[in-house]
Amino acid sequence: MPVVYLLLGKQVKPSGRKQTQVHTVKNQAWVMWFIKKPMFSFAAIVVLILVIILILPKLQTGFLPEMDEGSIVLDYKSPPGTSLQETDRMLKEVEQIIIKIPDVETYSRRTGTQMGFFITEPNNGDYLIQLKKERSRTTQEVISEIRNKITASQPSLEIDFGQVIGDMLGDLMSSTQPVEIKIFGDNHSKLTTLSKAVAAIVSKVKGAADVFDGVIIAGPSIDVRPIYSQLAQYGISVADFQYQLQMALEGNSAGAVLEKEQLSTIRLIYPNSRKYNVEGIKSMQIFLPDGKLVPITNLAIIDINAGEAEVERENLQAMGVVTARLENRDLGTTIQDIRQQVSNSIHLPAGYHIEYGGAYAEQQQSFKELLVILVSSSLLVFAVILFLFKDFKIATVILFIAVLGISGSYLALFLTHTALNVGSYTGLIMIIGIIGENAIFTFLQFKESCRENKVQDAIVYAISTRLRPKLMTALGAIIALMPLALGIGAGAQLHQPLAIAVIGGFIVAMPLLLIVLPSMINLLYKDHKLPY
């Protein structure tokens with residue numbers, strides 16, 4: 001800045017007479033008033049401590065900041081074994097519901113595929129619904145309307161709502177939902193029963209939506225069980241029977257042919273094998289060693305299996321996974337209610353246990369790491385002050401005042417109904433550093449003034465000197481962060497919790513630095529040796 005001034009500023013020719021620059025500071029009388037009445041500072045400290053103790057447990061908590069993307073991802077799943085024609089009929093009725101929503105601009109559908117690198121059943125798929133830019137309702141309100149109408153129209157269709165970024169992360173990650181309850185055990189049928197019981201409890205918790213018990217039925221399937229006595233009676237081996245059945249259904253490899261420097265497998269298969277149904281399989285004929293034909297029903301029992309539940313594992317241990325999304329409620333409070341009701345209603349057998357994963361597990365891990373960063377930053381601030389002033393007392397006071405500043409962040413988050421998440425937690429760390437920095441400059445000014453003034457006069461002079469910089473810093477930061485705090489502009493919702501936390505901290509920082517800090521300095525040094 002001085003270089004820019006020298007380059008662009010006007011050159012003033014020096015005059016012959018000597019010029020003296022006098023810098024006067026108007027002492028603020030109110031500072032002396034608060035210094036002589038420290039009870040106000042102690043009262044403020046008690047109030048801020050109570051704010052931290054009482055408000056922190058009541059704060060909403062989340063993981064990542066929520067953002068209204070203006071688009072909806074609707075995942076759907078029809079019952080296992082539903083024909084493609086029937087699924088398409090159900091989805092066409094869903095589309096009639098979607099197009100009648102006035103806030104919907106356009107949509108697209110895909111069936112039997114997802115973004116993740118895993119097998120997708122043909123009865124699964126999703127819709128991408130784009131909402132109008134000019135609309136009176138939020139995305140969550142539109143989702144609630146679509147969910148209620150589809151549930152009433154197609155009760156057999158399992159649906160799950162999200163937004164584009166969350167759905168993309170869900171397809172590519174193992175933790176796909178905000179609420180994820182993992183039930184570990186050995187008996188798969190018992191896990192299925194427990195998963196359904198837990199899902200029934202979660203569906204009754206306020207804020208939980210799109211609850212899924214995690215029971216995925218793979219099927220239906222056709223079970224062909226050979227009758228070994230009949231095979232022996234007709235003189236046909238099990239391997240020969242399997243070979244002929246496989247030839248009829250999917251073909252067998254009979255060699256390869258080299259074509260354009262690439263080997264292509266030759267597969268022999270019966271004509272019209274793709275059109276086989278259950279009755280067609282039952283009417284198949286099997287060749288005997290003497291060349292005669294015998295119906296397959298004489299050699300095997302053919303049954304239709306309605307399907308079996310897929311087995312999920314984590315660390316080689318079987319588990320059932322109950323998932324849910326959030327609707328008009330924060331993650332922390334919802335999980336707290338779920339844990340309480342599950343622990344009261346579900347009695348696990350020996351060898352079974354429950355873990356809570358999903359976004360909640362990621363949140364807890366992030367909060368632990370951010371807490372370590374918060375404590376580390378506070379200790380670093382303390383170390384810097386101790387190294388600079390070589391005075392343990394003032395270092396402790398400045399650190400204590402800096403930590404008290406987070407009460408303003410808590411209060412701002414509570415009053416604006418904003419969740420404590422990764423973004424707002426970062427704001428808490430910033431506030432401690434900002435308050436500590438301002439307190440250091442104030443104490444430096446106090447030390448310099450103590451060389452020529454009494455302690456109380458030096459405090460008044462230091463506060464009066466630093467008053468304008470403090471106010472300009474706080475007001476400048478608040479004005480700059482206000483658009484983000486109000487959610488104005490593209491992507492502002494992503495940084496809104498951080499902005500609210502920082503603004504709240506700045507508001508509380510002013511009385512801490514201008515009232516509490518002077519009183520504490522006066523109490524420390526009025527009867528002791530001056531800190532120089």
Side-chain angles (χ1 to χ4, degrees), residues 28 30-31 33-61 367 370-371 373-382 385 392-421 423-443 446 459 462-463 466-467 470-471 473-475 477-478 481 485 497-524:
Q28 303 295 324
W30 55 268
V31 179
W33 190 84
F34 280 110
I35 290 175
K36 294 181 177 179
K37 297 183 179 180
M39 293 304 299
F40 288 97
S41 297
F42 287 116
I45 291 174
V46 171
V47 169
L48 295 180
I49 293 176
L50 290 176
V51 166
I52 296 176
I53 296 174
L54 298 178
I55 289 185
L56 181 57
K58 298 180 180 179
L59 277 180
Q60 300 179 9
T61 58
F367 278 15
L370 288 170
L371 180 60
I373 295 174
L374 181 65
V375 174
S376 301
S377 62
S378 302
L379 293 178
L380 287 174
V381 170
F382 180 80
I385 301 171
F392 186 83
K393 295 180 295 182
I394 192 59
T396 304
V397 168
I398 292 178
L399 178 62
F400 178 68
I401 289 176
V403 173
L404 278 182
I406 66 176
S407 61
S409 301
Y410 288 156
L411 188 60
L413 294 174
F414 179 75
L415 295 177
T416 58
H417 304 286
T418 304
L420 177 64
N421 50 36
S424 51
Y425 217 125
T426 306
L428 303 183
I429 300 173
M430 293 173 58
I431 283 298
I432 290 180
I434 293 170
I435 296 178
E437 178 190 17
N438 280 278
I440 289 173
F441 285 130
T442 301
F443 191 73
F446 164 70
I459 295 174
I463 296 299
R466 300 297 305 172
L467 178 61
K470 285 184 175 64
L471 292 177
T473 301
L475 291 176
I478 291 173
L481 292 173
L498 184 145
I500 293 174
V502 173
I503 289 176
F506 266 116
I507 293 174
V508 172
M510 288 299 97
L512 283 173
L513 293 170
L514 300 177
I515 297 175
V516 177
L517 180 61
S519 299
M520 295 298 103
I521 294 175
N522 180 61
L523 292 175
L524 287 178

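Atoms considered below: every heavy atom in the structure, side chains included; atoms not considered: hydrogens, waters and symmetry mates. Predicted model only: the values in this text are computed from it and were never measured.
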Report the distance from atom [atom1] of [X] to atom [atom2] of [Y], rounding to the nearest 0.5 Å.
X      : Y      : atom1 : atom2 : result
Ile459 : Phe443 : CD1   : CZ    : 9.0 Å
Leu428 : Ser378 : CG    : OG    : 10.5 Å
Ile406 : Leu56  : CD1   : CG    : 8.0 Å
Asn421 : Leu370 : CG    : CG    : 10.0 Å
Ile401 : Leu517 : CD1   : CG    : 4.5 Å
Leu379 : Leu374 : CG    : CG    : 9.5 Å

So which pairs with a foot in residues 500-519 pass side chain to side chain donor-acceptor pair (under 3.5 Å), sequence neighbours left out?
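Non-adjacent pairs meeting side chain to side chain donor-acceptor pair (under 3.5 Å): Ser41-Ser519.
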
Leu471: which residues meet the side chain to side chain contact (heavy atoms under 4.5 Å, CB included) condition with it, sequence neighbours left out?
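Leu471: side chain to side chain contact (heavy atoms under 4.5 Å, CB included) contacts with Leu467, Met510.
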
For Ala477, check side chain to side chain contact (heavy atoms under 4.5 Å, CB included) against everything at least two apart and list the hits.
Phe506

Looking at every heavy atom in both [X] and [Y], which two are closest together, and how far apart are they?
X      : Y      : value
Leu404 : Val508 : O-CG1, 4.5 Å
Ala485 : Ala499 : N-CB, 3.7 Å
Leu523 : Pro38  : CD1-CB, 4.4 Å
Ala419 : Pro497 : O-CB, 4.3 Å
Ala501 : Ser409 : O-OG, 2.6 Å
His417 : Gln60  : O-OE1, 3.6 Å

Partner residues of [X] under the ring-ring contact (aromatic ring centres under 6.0 Å, His included) criterion, sequence neighbours left out:
X      : result
Tyr425 : Phe367
Phe441 : none
Trp30  : none

So Phe382 and Phe400, ring-ring contact (aromatic ring centres under 6.0 Å, His included) or not? Walk me through it.
CA-CA 10 Å; Phe382 180 80; Phe400 178 68; over 10 Å; no

Hey, are the side chains of [X] and [Y] touching, using non-hydrogen atoms and a 4.5 Å cut-off?
X      : Y      : answer
Ile478 : Ile507 : yes
Leu48  : Leu512 : yes
Ile463 : Thr442 : yes

Step by step, would you call Val502 with Ile431 a side chain to side chain contact (heavy atoms under 4.5 Å, CB included)?
CA-CA 6 Å; Val502 173; Ile431 283 298; 4.3 Å; yes

Assess whether side chain to side chain contact (heavy atoms under 4.5 Å, CB included) is satisfied between Lys37 and Phe42, documenting all intermediate values.
CA-CA 10 Å; Lys37 297 183 179 180; Phe42 287 116; over 6 Å; no

